[in-house]
Protein chains: 2
Amino acid sequence: MKRVSLDMIAKEVKLSKTTVSMVLNGKGDLHKINPDTQTLILSVAKRLKFRPNMIARNLSTGSSMTLALIVPRMIDTYYGLIAESMEQILSKLGYQVLLGTTHEDPVKEKELLLTFEAQQVDGILIASTQHNLEDIKAISDAGLPIVLFDRHYPEADLPYVVVDNYLGAQKLVRHLIEAGRKNIGYIGLNLDLTAIKDRQIGFENAIEDHVKDQHNLKIVDHKNAKSDCRQAVEELILDQGVDGIVFETHYLALFGIAKIREMDVDYPNAVSIVSFGDHEVFSIFRPEVTALVQPVEKIAQNSIDMLMKQIENKLNSTSKLHEVVEPSMEVRST
Amino acid sequence: MKRVSLDMIAKEVKLSKTTVSMVLNGKGDLHKINPDTQTLILSVAKRLKFRPNMIARNLSTGSSMTLALIVPRMIDTYYGLIAESMEQILSKLGYQVLLGTTHEDPVKEKELLLTFEAQQVDGILIASTQHNLEDIKAISDAGLPIVLFDRHYPEADLPYVVVDNYLGAQKLVRHLIEAGRKNIGYIGLNLDLTAIKDRQIGFENAIEDHVKDQHNLKIVDHKNAKSDCRQAVEELILDQGVDGIVFETHYLALFGIAKIREMDVDYPNAVSIVSFGDHEVFSIFRPEVTALVQPVEKIAQNSIDMLMKQIENKLNSTSKLHEVVEPSMEVRST
DNA sequence: TTGAAAGCGCTACCAA
DNA sequence: TTGGTAGCGCTTTCAA
């Protein structure tokens with residue numbers, strides 16, 4: 001149960017902790033330690049199954065080689081993908097990742113932020129609830145590197161990587177219009193997020209640009225997304241007579257499709273749909289669902305690059321820490 | 001940038017680190033510290049925005065209040081759910097969770113195990129590749145609490161929580177048989193996992209029990225799951241003439257359904273299907289897909305309970321550290 | 001009721 | 001080429 005420490009190895013080889021430490025950290029040659037001494041130390045360390053106590057090292061160096069990843073939830077396949085992507089990249093860089101989920105609760109987010117800060121993480125990657133500017137700003141001001149991804153605070157000068165939500169919504173509408181749809185509806189969430197608002201504005205403007213006076217915009221409660229969305233679909237189709245619907249997120253699309261199938265409508269001929277955000281099943285559904293795909297790997301990679309720049313303090317004046325990536329259409333059958 | 005430390009607070013209030021430490025850890029009354037002194041310390045700590053350095057505390061106490069969660073991958077919604085469940089429970093218990101994904105690679109798993117051990121985690125929750133008994137045993141023997149979930153090593157006496165895969169497969173077959181299916185096929189993976197083997201044996205036995213001589217068992221390469229599965233579906237239906245298929249995992253079912261829909265078969269009348277493992281879209285598909293659901297929350301909760309028992313050293317002789325939970329059928333339209 | 005001081009295990013500066 | 005030693009910031013025993 002007692003772990004082997006640097007000290008024990010030092011005693012074993014009758015050398016100082018210093019020497020052992022240097023060798024075990026690969027700095028043997030750097031400090032011109034005798035090759036024989038080095039091999040000796042290495043072999044003893046292996047024989048004794050030495051595992052350095054990272055906590056001690058971290059306390060000493062002030063760096064923990066650990067980053068925090070905060071997302072709203074993991075069941076959302078989008079964030080699952082993000083998490084997976086990021087974990088892979090970071091693990092290659094030698095970093096650990098601490099996971100936190102907020103469930104859109106600013107209080108939980110604040111707690112996570114504080115705990116991670118106390119935990120001495122080297123940086124934070126966060127898809128924020130967007131209701132914690134103060135805490136995030138404080139953390140950033142305290143010198144803890146942070147990158148906001150997916151959701152950001154447009155009013156603050158914090159590093160971020162987001163997709164172009166406005167453009168994305170426009171692309172979706174354009175697809176429907178080009179497919180000959182005349183009366184397009186939209187179903188979105190009542191979340192107070194820039195990303196969400198941009199999508200809604202993108203939709204409204206796209207509609208106004210092409211087909212005047214069509215404001216079939218339905219906002220549903222994110223806590224009752226399923227039932228509210230089903231009702232919105234019904235109203236849009238039955239009352240408004242839409243022939244196309246833009247869903248603001250992949251899961252709204254999922255709920256909506258289920259409802260449409262239960263209704264007596266000729267889907268997708270009478271009513272076509274498109275989704276902001278792809279889902280693994282969209283290409284399995286019949287008809288296959290057309291979606292706007294968010295470049296997950298790019299978002300993950302760029303967010304991490306941006307964080308690393310901060311950590312390595314390579315922020316020369318030219319490096320911009322704001323990035324908007326363009327989503328692309330995956331045109332399928334709807 | 002310089003963080004406030006215990007020392008600074010001590011100086012500020014002109015008391016010792018000891019006193020400050022006790023008060024800030026809620027042990028003020030326990031040590032009979034003057035109430036006035038306590039309120040003073042608390043207010044100063046708040047004013048100075050004191051955040052204890054957990055690394056230092058951890059080094060001192062030997063506990064990190066951090067647990068490691070290792071899963072094969074996060075894009076699998078099953079593990080996404082597990083991760084989410086566990087993170088929620090653990091966060092309430094005051095633990096952090098370090099995430100690691102193996103992608104079924106024993107080498108990566110070994111690395112993760114070693115890193116997490118060095119990182120001084122207080123415990124490990126792992127859905128193993130099942131090719132690392134040695135390392136896992138070593139870690140467990142070293143006194144680091146560990147719980148295997150979802151996948152375990154039947155030959156070793158390590159704590160685990162798994163579902164009854166054998167029974168699950170039997171339930172699936174039984175459902176198909178009761179629905180009048182006579183010629184049932186099975187599509188599984190070539191993974192060397194007990195869970196997988198149990199499902200296959202469960203299938204074979206269930207078939208033998210009810211309908212003799214039907215061994216339409218196809219094993220596909222997990223690295224080419226999609227294309228192999230599609231081919232298996234084709235062979236099963238065209239060559240073997242099956243009228244029912246059991247899919248070993250939810251994603252095999254997803255691939256299979258896509259293929260079936262592209263084929264000229266009367267689905268689900270001519271061929272019905274069932275899936276081992278549920279998926280959010282199974283109730284959205286038309287027809288809705290019948291699946292065996294694994295009790296995620298129970299698995300998460302029980303695994304954590306089991307880990308906590310070890311951490312708190314409450315292992316009296318009566319507490320068994322092996323648990324097999326029963327999966328339940330979600331009968332839908334197929 | 002409060003404080004001094006010895007660690008926890010490692011790193012890194014300064015000497016030798 | 002190698003070692004002594006002073007921290008890193010906190011906890012905790014023993015004293016006062």
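Computed over heavy atoms, backbone and side chain alike; hydrogens, waters and symmetry mates excluded. So that the names make sense, note that chain A is the first sequence line, chain B the second, and so on, each numbered from 1.
What separates CG of N53(B) from P of dG7(D) is a distance of 17 Å, to the nearest Å. What separates CD1 of I55(B) from C1' of dC10(D) is a distance of 12 Å, to the nearest Å. Between L24(B) atom CG and dT11(D) atom C1' the separation is 13 Å, expressed in whole Å. For the pair L6(A) CG and dC8(C) P, the interatomic distance rounds to 13 Å; values are reported in whole Å. One atom, NZ of K17(A), and another, C1' of dC10(C), lie 7 Å apart when rounded to the nearest Å. Distance CD (Q120(B)) to C1' (dC8(C)): 10 Å, rounded to an integer number of Å. Taking atom CD1 of residue I9(A) and atom C1' of nucleotide dG9(C), one finds them 12 Å apart after rounding to whole Å.
When the ring-ring contact (aromatic ring centres under 6.0 Å, His included) test is applied to H322(B), the partners found at least two apart in sequence or on another chain are Y160(B). Taking the side-chain hydrogen bond (donor to acceptor under 3.5 Å, both in side chains) definition, one finds that K108(A) meets it with nothing, sequence neighbours left out. With sequence neighbours excluded, the residues satisfying side-chain hydrogen bond (donor to acceptor under 3.5 Å, both in side chains) with T19(B) are S16(B). Shown here are the side-chain hydrogen bond (donor to acceptor under 3.5 Å, both in side chains) partners of D105(B), two or more places apart in sequence or in another chain: there are none. By the side-chain contact (heavy atoms from CB on, under 4.5 Å) test, E104(A) pairs with P72(A), R73(A), T129(A), R151(A), L191(A), sequence neighbours left out. Take L133(B) and apply the side-chain contact (heavy atoms from CB on, under 4.5 Å) test, not counting sequence neighbours, and it matches K137(B), Y153(B), E155(B), A156(B), L158(B). Considering only residues two or more places apart in sequence or on other chains, F116(A) meets the ring-ring contact (aromatic ring centres under 6.0 Å, His included) condition with none of them. Applying the side-chain contact (heavy atoms from CB on, under 4.5 Å) test to K11(B) and every residue at least two apart in sequence or in another chain returns D7(B).
The residue among D7(B) and S16(A) whose nearest nucleotide of DNA chain D is located toward the 5' end is S16(A).
Under a 4.0 Å N-O distance rule, the pair K110(B)/E134(B) does not qualify as a salt bridge.
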Under 3.5 Å, side-chain donor or acceptor atoms of residues 52-59 of chain A against the rest of the protein: list the pairs with distances, not counting sequence neighbours.
from	atom 1	to	atom 2	distance (Å)
N53(A)	OD1	I55(A)	N	2.8
N53(A)	OD1	A56(A)	N	3.1
R57(A)	NH2	N25(A)	OD1	2.7
N58(A)	ND2	M54(A)	O	3.1

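Contact check, T19(B) against dG3(C): a side-chain N or O comes under 4.0 Å of OP1 or OP2. In this structure, S21(B) reaches the dT11(D) phosphate: one of its side-chain N or O atoms is under 4.0 Å from OP1 or OP2.
Of the listed nucleotides (dT2(D), dG9(D), dC10(C)), dT2(D) has the atom at the smallest distance from the side chain of L15(A). Proximity note for T18(A) (side chain, C-beta onward) versus dG9(D), dA12(C), dT13(D): the nearest is dA12(C).
Within residues 56-68 of chain A, the residues approaching DNA chain D are L59(A), S60(A), by heavy-atom distance under 4.0 Å. Contact check of residues 27-51 of chain A against DNA chain C (heavy atom, cut-off under 4.0 Å) returns K27(A), F50(A).
Judged by distance alone, the side chains of T101(A) and Q88(B) never bring a donor and an acceptor atom under 3.5 Å apart.
In terms of modelled atom types and a separation under 3.5 Å, the side chain of D122(A) and the main chain of L67(A) share no donor-acceptor contact.
Overall bending of the helix from dT1(C)-dA16(D) to dA16(C)-dT1(D), expressed as the angle between end axes built from five pairs apiece, is 40° (10° steps).
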